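Here is the structure we will look at, set down as structure tokens.
Here the structure is a predicted model, which is why all the values come from computation and not from measurement.
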Amino acid sequence: MFRKLGPGGGIWQVIAIRKDGLGTQHAQLQRSDDHKTLKTLAVSALLDPTQFETVAEPQD
């Protein structure tokens, strides 16, 4: 789970990792409070500490 930093942030869960035709890895993310909201971005952006931070998964 990742928190988007900055305006319009939110908590996002990685639901898939895919490679494009050039071999770049992309993560498909699902917003934790709205499961219909998806986004895809480069894994390198997800791992950029100026854009996202990791958060602990909620305990059931």
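Using a 4.5 Å heavy-atom cutoff, the side chains of K4 and Q51 are in contact.
For the residue pair A27 and I17, the shortest heavy atom distance occurs at CB-CD1, 3.7 Å. Shortest non-hydrogen contact noted between A16 and R18 is CB-NH1, 3.8 Å.
L47 and V14 fall within the same hydrophobic cluster, where Ile, Leu, Val, Met, Phe, Trp and Tyr residues are linked whenever their side-chain heavy atoms come under 4.5 Å apart, directly or through other members. I11 and L29 are not part of a single hydrophobic cluster, where members link through side-chain heavy atoms under 4.5 Å apart.
Here the straight-line distance linking atom CG of L46 with atom NE2 of H26 works out to 11.5 Å at 0.5 Å rounding. Atom CE of M1 is separated from atom CH2 of W12 by 11.0 Å, given to the nearest 0.5 angstrom. Separating the CG atom in L41 from the CZ atom in F52 is a distance of 5.0 Å, to the nearest 0.5 Å.
Sequence neighbours left out, the pairs with a member in residues 32-41 that pass side chain to side chain donor-acceptor pair (under 3.5 Å) are Q30-H35, R31-D33, D34-T37.
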